[in-house]
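Everything on this sheet refers to the single structure shown next.
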Amino acid sequence: MPIDNELRKKTLIGKLDGFIPGKVSNKVVVGTLNLMRGANRIVKKDYGTLVENVDIFETQHKPYLTNTFGFIEDQHNYTDMRFGKYTMDYSGCEVIAVYNAINALGEGEPQNLAYYIADFENDGMVLNGKFGTAPKAINDRLNKYGFETCMTLKEEEYNLIAGQSRTLILTFYNDKDRISSQIHTVNISKSDRGYIAHNVFCNGKPHGPFKNIYDLMNAINGGRAMGISLIGIEGVTSLTLK
C-alpha cells in the first residue's frame with residue numbers, strides 16, 4: 001500500500017522537529033543564523049518603522065514600565081510595534097533582551113526601544129525579522145554600544161560567566177526536543193536575591209529569583225528549555241543611537 005503523501009510530509013517534519021535541537025551543535029545553529037543575518041544585511045532596506053515605533057513606545061508602552069522597574073516583561077502586548085516585516089510580539093525578544101540588559105545595568109535609562117529596533121534592522125535581523133535576531137549580532141551590537149561582553153555556546157560555562165558579569169542575555173530552545181517550539185532570548189538581571197529573568201513568558205511578570213542559571217533554566221517550561229548561547233555583559237555605554 002503506497003504511503004500517503006501527507007503522512008510522509010508529517011513524518012519528515014516530525015523528524016526534523018527533533019533533529020535540530022538534538023543533533024545540530026550550538027556552533028552550527030549560531031553560525032547559520034549569523035550567515036542569514038549577513039544575507040539580510042546585503043539586501044538591507046529602510047523598513048520605515050522608526051518614526052511610528054518611537055511614538056507608539058513612548059505613549060502606549062513606556063508608561064507601564066514604572067510598574068516593572070523599567071523592564072519590558074510583556075512582549076505579547078507589542079503587537080503594535082514593527083520589527084522589519086513582522087511585529088515585536090512575534091520576533092522581537094532579542095531586541096527586548098538588549099533593552100532590558102541596558103536597563104539592568106542601572107547606568108541610566110535606555111533609549112526609546114524604537115532606536116534599538118532600527119539598529120538591528122540595519123544589522124542583525126534574520127529573514128526580515130521572521131527569525132528574530134542572530135545571537136552573534138546581539139554580542140556585536142553590545143560591543144558597538146560600548147559594553148564589554150563574553151559569549152559562550154557551552155552550558156557548562158554559564159554559571160562561571162554569570163558570576164563574573166553584571167547582567168546576562170540568554171538564548172535558548174523553548175523545548176530541547178522540538179524546534180517547532182521556537183527559540184527565545186531573555187535578559188537575566190542579578191540582585192542580592194539571585195538571578196531574575198525578564199520577559200520569559202511575556203506575560204508581564206519576571207521569572208525568579210534563582211540561586212544559579214541552571215536552576216533558572218530548569219524552571220522554564222518544565223525543565224524542557226536548553227541553552228544555545230549566553231552573553232555576559234560588563235561596562236557602561238555612552239553611545240547615543242540616532
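Residue numbers start at 1 and run along the sequence shown.
Between the side chains of N26 and S229, no donor N or O sits under 3.5 Å from an acceptor N or O. H61 and D80 share a side-chain donor-acceptor pair at under 3.5 Å. R37 and N40 are not linked by any side-chain donor-acceptor pair at a separation below 3.5 angstrom, with hydrogens and angles left out of the test. Checked by atom type, the side-chain pair D89/T79 shows no donor-acceptor distance below 3.5 Å. For H198 and S189, the side-chain atoms include at least one donor-acceptor pair closer than 3.5 Å. N199 and Q75 are linked by a side-chain donor-acceptor pair at a separation below 3.5 angstrom, with hydrogens and angles left out of the test. A side-chain donor-acceptor contact under 3.5 Å links N112 and E58. Side-chain polar atoms of Y158 and N212 form no donor-acceptor pair below 3.5 angstrom. If you check the side chains of Y145 and D119, you find a donor sitting under 3.5 Å from an acceptor.
Using a 4.5 Å heavy-atom threshold, the side chains of I117 and M81 count as touching. The shortest distance between side-chain heavy atoms of F71 and L65 does not fall below 4.5 Å. Here the side chains of V98 and R141 are not in contact, with every heavy-atom distance at 4.5 Å or above. In this structure the side chain of C93 never reaches within 4.5 angstrom of the side chain of V186, judged on heavy atoms. Residues Q111 and Y99 form no side-chain contact, since every pair of their non-hydrogen atoms from C-beta on lies 4.5 Å or further apart. Between L105 and F147 the shortest side-chain heavy-atom distance falls below 4.5 Å. When side chains are defined from C-beta on, F83 counts as touching V95, because their heavy atoms get closer than 4.5 Å. Here the side chains of Y47 and N128 are in contact, with some heavy-atom distance below 4.5 Å.
Considering every non-hydrogen atom in both P209 and R193, the closest pair reads CB-O, 3.3 Å. Shortest non-hydrogen contact noted between I196 and P206 is CG2-CB, 3.7 Å. The shortest heavy-atom contact between L33 and A134 is O-CB, 3.6 Å. When all heavy atoms are compared, the tightest approach of T185 to A97 is CG2-CB, 3.9 Å. Nearest heavy atom pair, residue F172 against residue A225, reads CD1-CB, 3.9 Å.
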As a quick check of understanding, evaluate side chain to side chain contact (heavy atoms under 4.5 Å, CB included) for T133 and V126, giving each step before the final call. CA-CA 6 Å; T133 303; V126 178; 6.0 Å; no

Given the rule in the side-chain hydrogen bond (donor to acceptor under 3.5 Å, both in side chains) test, do D74 and Y64 qualify, once you have shown the distances and angles that lead to the verdict? CA-CA 10 Å; D74 59 338; Y64 295 97; over 6 Å; no

Under the side chain to side chain contact (heavy atoms under 4.5 Å, CB included) criterion, do Y78 and I72 qualify, and how do the steps go? CA-CA 10 Å; Y78 282 66; I72 297 174; 3.7 Å; yes

Yes or no on side chain to side chain contact (heavy atoms under 4.5 Å, CB included) for T167 and K190, after CA distance, side-chain angles and deciding distance? CA-CA 6 Å; T167 194; K190 298 171 65 175; 5.9 Å; no

Which is it for I233 and L168 under the side chain to side chain contact (heavy atoms under 4.5 Å, CB included) test, yes or no, and what are the steps along the way? CA-CA 6 Å; I233 307 168; L168 305 148; over 6 Å; no

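Atoms CD1 and CD1, from I169 and I96 in turn, are 11.5 Å apart once rounded to the nearest 0.5 Å. Interatomic distance, CG of D175 versus OG of S181, reported as 4.5 Å (0.5 Å rounding). Annotation: the span from C150 atom SG to Q164 atom CD amounts to 8.0 Å, rounded to 0.5 Å. Note: M217 CE to M226 CE = 8.5 Å, rounded to the nearest 0.5 Å. F120 contributes atom CZ, which lies 8.5 Å from atom CD of E94 (distance to the nearest 0.5 angstrom). To the nearest 0.5 Å, atoms CG (L170) and CG (N187) are separated by 10.0 Å.
Cluster membership check: F201 shares its hydrophobic cluster with Y195, using side-chain heavy-atom separations under 4.5 Å among Ile, Leu, Val, Met, Phe, Trp and Tyr. Put simply, I183 and M88 are part of the same group of oily side chains (I, L, V, M, F, W, Y) that touch within less than 4.5 Å, one to the next. Note on L113: it does not cluster hydrophobically with Y86, by side-chain heavy-atom contacts below 4.5 Å among ILVMFWY residues. Hydrophobic clustering places V24 together with L153 (ILVMFWY residues linked when any side-chain heavy atoms are closer than 4.5 Å, directly or through intermediates).
Residue D123 forms a salt bridge (charged side-chain N to carboxylate O under 4.0 Å, His left out) with just one option from K136, R41, K144, and that option is R41. Among I231, V200, I213, the one residue that satisfies the side-chain contact (heavy atoms from CB on, under 4.5 Å) test with I188 is I213.
Side chain of D46 to main chain of G48: a donor-acceptor pair is present (N/O by atom type, distance under 3.5 Å, no hydrogens or angles). In terms of modelled atom types and a separation under 3.5 Å, the side chain of S165 and the main chain of A162 share no donor-acceptor contact.
With sequence neighbours left out, K205 forms a salt bridge (Lys or Arg N to Asp or Glu O under 4.0 Å) with no residue at all.
Contact check on K62 versus E109 returns a salt bridge, with a Lys/Arg side-chain nitrogen under 4.0 Å from an Asp/Glu carboxylate oxygen.
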Please list, one pair per line, the donor and acceptor atoms closer than 3.5 Å that link side chains of residues 49-57 to other protein atoms, with sequence neighbours excluded.
unit_1	atom_1	unit_2	atom_2	d
T49	OG1	E121	OE1	2.9
T49	OG1	E121	OE2	3.1
N53	OD1	R82	N	3.1
N53	ND2	T49	O	3.4
N53	ND2	R82	O	2.8

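The aromatic rings of H207 and F210 sit tilted relative to each other, their planes meeting at an angle between 30° and 60°.
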